[in-house]
Structure formats: structure tokens, C-alpha cells
K.L.:
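First, the structure itself, so that you have it in front of you.
Each chain gets a letter, A, B and so on, in the order its sequence line appears, and its residues count up from 1. Note that the structure is predicted; figures quoted are calculated from it, not measured.
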Amino acid sequence: MRTDMSIEEQLAHLKRGVVDLIREEDLRRKLERSRATGRPLRVKLGADPTAPDLHLGHTVVLRKLRQFQQLGHTVIFLIGDFTGMIGDPTGRSVTRPPLSRQEIEANAETYKRQVFKILDPERTVIEFNSRWLGTLRSEEWIRLTAKVTVAQILEREDFQKRLREGSPISLHELLYPVAQAYDSVMLQADVELGGTDQKFNLLVGRDLQREFGQEPQVVMTVPLLVGTDGVQKMSKSYGNSIGITEPPEEMYGKIMSISDEVMWTYYELLTDVPAEELARWRAAAEAGRVNPRDVKAHLARRLVAEFHSEEAARRAEEEFTRIFRERGLPSEMPIFHLPASVGERLELARLLVQSGLAPSVREARRLIEQGGVHVDGERIADPRAHIVVRPEFVLQVGKRRFLRIRSRETTDPMSA
RNA sequence: GCAGGGGUGGCAGAGCGGCCAAAUGCACCGGGCUGUAAACCCGGCGGGCGUCACGCCCUUCGGAGGUUCGAAUCCUUCCCCCUGCACCA
């Protein structure tokens, strides 16, 4: 596809948005050799099998992989079904319950479907590390772990930190980097990618490959995308993620909810908008010549289009504008069939609970008191208000939760 | 094994006999403002009830007992977690 690029051009292209590149010289040599021999590079990315829902954070590194593919190289998407049992000690993750073979298969399928929204299936190999790690005998484990020293492993910053703080480190956690490194050996990886938090693990791969007489892999790390909260890295467990399979409206809205500041990072990491152009937009926004909201809307639309379609993006935008800028009603909303007849008097708070818009009467009353509840567009502020049931009406809580209520007569006139 | 430190709301983390449904921060929710589900500001954040801007009740601080008019706070016991020193003489 872009194999006409010179090696230097390729390097520059691949370096874009990369935090660590260890070592650039090695990569250049590998690229040159690949061109000379016609043998594609083997570019590895490891993934945990436990969370198969990809979010935008994952796509940063996937986009980088795609660049390699576009240059004709092979991507090895490694599903860590064995290492998943250990759980990468990065972060606070607790011991994970082992997944069944079936669950893993199912997750892998989900992965494939999602990953191929970005990667080219023709140039992607899917692997499972249980294939070699799962069959290692105890003796082999001992021989393997003998190749790495404790000091090497404890260099890892978070291990040191935990040691300092007196936090626990389980023995098996020390094995994680070794296992991951062994994957690189088995796969004979030329390059391994990961987020910056993976740097250490990726480097162990180099060491171990050397131990096994292989040429060390090139390590490439990309920044971690910050989540919608603008603070922590995007992660499903932090509840700040934007999944790539989320409905268009949801995705659009979530992108609109990131801060103006974070938006620039998203542009950088999730689009191909040239840096110079971004700088121009930013200057214009800061000077007040351009409304940052519009820049953000452009981003939202662009990303929704990438993962859904232009058409879906357009609709999501219209919907967003209608609800939030014009304070209107969504084009579609869930319907709740109220088991009550026209004319009946109902306490609003209870109706909210009954219809699932509030978890408890107390909460419902709070919402009403705070002015968050509208019935057919009219704000009801009396926490003890009653309403007279109409054939159909719209309940709204907050800015974005709508429910169309239908009472008995309208849904089933025969049953009266 | 020994010594020590712990287990409190979604998370982090105060409180250590009554003023504790439990500080504070984060997350979350509602409102205001707006240019957006941005930023910022304000409010809320266990549940039920009432003649409802004030009050009542119920269930919460690892489990179970107990002391006390009264316990997240004290005692007993059990469970769990962590750190250090050992164990291998």
C-alpha cells in the first residue's frame, strides 16, 4: 500500500505519536532487512482475554499496528489466555477468576470482530499464549525463570513502589513479565507494541529473547488515552471509557462530554489530522474565532463515522443537537406501559420508581425537589406531587433520560 | 511460630463511648450558567413513612456474642488481610 515510501519516510511515519522507541536503530535495520528479503516483520500486541470490549484507548495502539500492516508487515494479535490467569499486576487489579475455555473462545471471537474494525484481517495472526505456556512443565518453568533475576524484575517501578509502601506483592505477579517475555521468544517477535505502562514488560522481552539467542524485539510504546473524566487512563473499570461498539448516539455524546483540553489529545491520538493543522485549529479556538464545541463536534462525528458510518454519525449529531442545544425530545425513546388507567391519580415519585427512572422513592423525591423532573416538558418541583394519568405522556429525568409512558387504555383497549 | 498494623459507604480515607446515616476527597446524580453530556458555580448522594421546609422509624462501620441508659467507637471470640523478624540448628 505504502511500500513505495523510503525507509526514512516509513520510520518517520511509524514514530509519530510514539513515546518510547527502543531502539530506533534496530527498527531501521529491521525495516531495511525486511525490504531486502521481502520477509514482513512480525509485530506483536498482547491482549488480556478478560475485557473483550474494546474502547477508544485500545485503538491508539491498534492504529499504530495498522500502520505496520499498511507497510506490508504482519501483526500478531496475542490473546493472553494463560497470562490472564495471573493478571497483569499493573494497577490495582485483584486476582482474576480463571476463565473457562469456552469463555475465552467467546471473548476471542468478540475481540476479533472488534479488532478487525481497525486491523486488516489478511495481515493479522491471532494467537493464544496458553498454546506454549499452558503446556510448560515445572522443570521448564524453573529453567525459564532461572534466566531472569529478581533484581531485574524488581526494577519495575510499581513493584518498587509497593515494596516501599509495604504493599503486598504475590510471587506469581513477578512471573507475569517473564511469561509475557517468553511469548515474544515463542513468536519470534520483531517488534512489540504496548501502552507506556507496558514498557517494562516489553523490555523484559528483549532480555529474554537475547537469552534465547534471538535478536531482541523493538519496543514501541504509545500514550495511554485519558478517559472521559479527563484524569485517569481510559478503562472500562473506571467507568470513563468510550467503547467502539457503543451506539452512535452514546458515542457521540460521550465524546462531547470530554473537556475541551482533552479533546486535543483525542485528535492527536485517534485521528490522522496533521499536527500543523491541529495547531491552527487550537489557536483559532483559543482566540475565540472558532467555537471549541464545533471542533469537538467534528471529532465526535469523525469517530462515530469511523466505527459506525457517516450516516449514523450525522444522525447522532442531529439527535445531540436536538436534545442538548434545543432542549428537545429525542426522536426515539423507550416506552413504559403503565399498569394504570386514564384518569387515575398517581404520586409522581412513585411513578418514577415504578418506571425505573429512580431507584428509590427517596431518590425520586430528591430529583423532583432539585428540579430534575419534567412531565410533558413541564417541570414539577413538588416532591409530593400527584399526576393524573393521561393516555400517553413523556417523563424526563435530568437532561438525558426520557421515557414515554403509555397507560392501559392506549396500549390495550380491549382489556378494559 | 513471634511481634506489630489493619478490616468503615462505589473507591480512597477520617472517626475511636452519645452532637454518627458516619468528616473529607474522588466518582456519581440534579440544578444554574453556557458554546457541549466542556469548564465553572450551587445542591444532593442507605432506605421507608408522615398532616412534609419539620420529624419519626428501619437497616449499615469484617462475623457472632457481651458491657452500657447508649457502641463504628469498650470487652470476648471467630474470620480475613498486611508488614517485619524468624523457622530450615
K.L.:
Sticking with atom P, work out how far B/rC28 lies from B/rA53, rounded to a whole angstrom.
P.N.:
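B/rC28 and B/rA53 have their P atoms separated by 33 Å.
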K.L.:
Which residue, A/K254 or A/L367, contacts RNA chain B at a nucleotide closer to its 5' end, judged by nearest heavy atom?
P.N.:
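The 5'-side residue here is A/L367.
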K.L.:
Grab the N/O contacts between the protein and nucleotides 32-35 of chain B below 3.5 Å, and write none if there aren't any.
P.N.:
from	atom 1	to	atom 2	distance (Å)
B/rG32	OP1	A/R379	NH2	3.1
B/rU34	O4	A/R327	NH2	3.0
B/rG35	O4'	A/N291	ND2	3.3
B/rG35	N2	A/D260	OD2	2.8
B/rG35	N2	A/R293	N	3.3
B/rG35	N3	A/N291	OD1	3.0

K.L.:
Could you identify the nucleotide paired to B/rC61, looking across every strand shown and requiring Watson-Crick or G-U wobble geometry with both distances under 3.5 Å?
P.N.:
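Partner of B/rC61: none found under 3.5 Å.
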K.L.:
Rounding to the closest angstrom, what is the interatomic distance between B/rC87 and B/rA3 at atom C1'?
P.N.:
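The same atom, C1', in both gives a distance of 14 Å.
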K.L.:
In whole angstroms, how far is the P atom of B/rA39 from the CE atom of A/M256?
P.N.:
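In whole Å, B/rA39 P lies 12 Å from A/M256 CE.
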K.L.:
Which residues satisfy the side chain to side chain contact (heavy atoms under 4.5 Å, CB included) test with A/S259, sequence neighbours excluded?
P.N.:
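In terms of side chain to side chain contact (heavy atoms under 4.5 Å, CB included), with neighbours along the sequence ignored, A/S259 is linked to A/E261, A/V262.
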K.L.:
So, is the end of the A/K44 side chain (NZ or CZ) under 6.0 Å from the ring centre of A/F77 and within 45° of the ring's axis?
P.N.:
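Not flagged: A/K44 not positioned over aromatic ring of A/F77.
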K.L.:
Is A/V361 touching bases, backbone alone, or none of the nucleic acid, heavy atoms closer than 4.0 Å?
P.N.:
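Here A/V361 touches the backbone only, sparing every base.
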K.L.:
Would you mind reading off the distance between A/E326 atom CD and B/rU36 atom C1', rounded to a whole angstrom?
P.N.:
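Distance, rounded to whole Å: 13 Å.
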K.L.:
List for me each residue that meets side chain to side chain contact (heavy atoms under 4.5 Å, CB included) alongside A/A364, sequence neighbours excluded, and say none if there are none.
P.N.:
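Partners of A/A364 under the side chain to side chain contact (heavy atoms under 4.5 Å, CB included) test: A/A349, A/L352, A/V353, A/A358.
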K.L.:
Of the options B/rU36, B/rG48, B/rA38, whose atoms approach the side-chain atoms of A/S259 most closely?
P.N.:
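The closest nucleotide is B/rA38.
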K.L.:
B/rC33 and B/rC26: how far apart are their C1' atoms, nearest whole angstrom?
P.N.:
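It comes out at 24 Å once rounded to the nearest Å.
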K.L.:
What I want to find out is whether A/R143 reaches A/E140 closely enough, with some N-O distance under 4.0 Å, to be called a salt bridge.
P.N.:
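Salt bridge absent between A/R143 and A/E140.
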K.L.:
Students often get this wrong, so: under 4.0 angstrom with heavy atoms, is A/E249 touching a base, only sugar-phosphate, or nothing?
P.N.:
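The residue A/E249 makes base contact.
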K.L.:
So A/H298 and A/Y267, would you call those rings parallel, tilted or perpendicular, with 30° and 60° as cut-offs?
P.N.:
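It falls in the parallel class, under 30°.
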K.L.:
Indicate yes or no: does A/E311 engage A/R314 in a salt bridge with an N to O separation below 4.0 Å.
P.N.:
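Yes, A/E311 and A/R314 are salt-bridged.
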K.L.:
Say you pick atom C1' in B/rG10 and the same atom in B/rA27; how far apart are they, in whole Å?
P.N.:
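After rounding to an integer number of Å, I get 8 Å for this pair.
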K.L.:
Among B/rA38, B/rC29, B/rU36, find the nucleotide with the atom closest to the side chain of A/R401.
P.N.:
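For A/R401, the side-chain atoms sit closest to B/rC29.
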K.L.:
What's the gap between B/rU8 and B/rG62 when it is taken at their P atoms, as a whole Å value?
P.N.:
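Each nucleotide's P atom is 6 Å from the other's.
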K.L.:
A/I258 near the nucleic acid: base, sugar-phosphate alone, or nothing, with a heavy-atom cut-off under 4.0 Å?
P.N.:
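Since only primed, P, OP1 and OP2 atoms lie under 4.0 Å of A/I258, the category is sugar-phosphate.
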K.L.:
Describe the nucleic acid contact of A/G371 in one word from base, sugar-phosphate, nothing, applying a heavy-atom distance below 4.0 Å.
P.N.:
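If one applies the 4.0 Å heavy-atom cut-off, A/G371 turns out to touch the sugar-phosphate alone, with no base involved.
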K.L.:
Only pairs at least two apart or in different chains count here, so list each salt bridge (Lys or Arg N to Asp or Glu O under 4.0 Å) that has a residue in residues 237-247 of chain A.
P.N.:
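Salt bridge (Lys or Arg N to Asp or Glu O under 4.0 Å) check on residues 237-247 of chain A returns A/E246-A/K254.
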K.L.:
Might you list the N or O atoms of the protein lying below 3.5 Å from N or O atoms in nucleotides 42-46 of chain B, with each pair's distance?
P.N.:
from	atom 1	to	atom 2	distance (Å)
B/rG43	N2	A/Q370	OE1	3.2
B/rG43	N3	A/Q370	OE1	3.3
B/rG44	O4'	A/Q370	OE1	3.2

K.L.:
Determine, for A/D120 against A/R66, whether the closest basic-nitrogen to carboxylate-oxygen distance falls under 4.0 angstrom.
P.N.:
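No, A/D120 and A/R66 are not salt-bridged.
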K.L.:
For nucleotides B/rG5 and B/rA14, find the distance between their P atoms and express it as a whole number of Å.
P.N.:
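After rounding to an integer number of Å, I get 15 Å for this pair.
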K.L.:
Could you work out the separation of B/rG30 and B/rA38 based on their P atoms and round it to a whole Å?
P.N.:
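Taking atom P in both B/rG30 and B/rA38, they lie 11 Å apart.
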K.L.:
Once ring pair (Phe, Tyr, Trp, His ring centres under 6.0 Å) is applied, what residue pairs with a partner in residues 353-405 of chain A remain, sequence neighbours excluded?
P.N.:
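Listed by first then second residue: nothing to list.
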K.L.:
Decide if atom CD of A/E310 counts as having more than 12 heavy atoms of other residues, nucleotides or ligands within a radius under 6.0 Å.
P.N.:
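Atom CD in A/E310 is not crowded, with 12 or fewer foreign heavy atoms closer than 6.0 Å.
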K.L.:
Rounding to a whole Å, what distance do you find between A/R350:CZ and B/rC49:C1'?
P.N.:
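Distance, rounded to whole Å: 9 Å.
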K.L.:
Report, as yes or no, whether the 6.0 Å neighbourhood of atom NZ on A/K199 holds more than 12 heavy atoms from other residues, nucleotides or ligands.
P.N.:
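Counting neighbours around NZ of A/K199, 12 or fewer heavy atoms of other residues, nucleotides or ligands fall under 6.0 Å, so no.
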K.L.:
Between A/T228 and A/P383, name the one whose nearest nucleotide on RNA chain B is closer to the 5' end.
P.N.:
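It is A/T228 whose nearest nucleotide is closer to the 5' end.
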K.L.:
Whom does B/rG1 pair with, Watson-Crick or G-U wobble, provided both distances fall under 3.5 Å?
P.N.:
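B/rG1 is paired with B/rC85.
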K.L.:
What is the pairing partner of B/rA23, taking Watson-Crick or G-U wobble pairs with both distances under 3.5 Å in any strand?
P.N.:
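Because no pair has both required distances under 3.5 Å, B/rA23 counts as unpaired.
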K.L.:
C1' atom, B/rG18 versus B/rU67: distance in rounded Å?
P.N.:
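My reading of the C1' atoms in B/rG18 and B/rU67 gives 16 Å.
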K.L.:
With a 3.5 Å limit on both atom pairs, tell me what B/rG43 is paired to, counting Watson-Crick and G-U wobble, or say none.
P.N.:
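Looking at the geometry, B/rG43 pairs with B/rC29.
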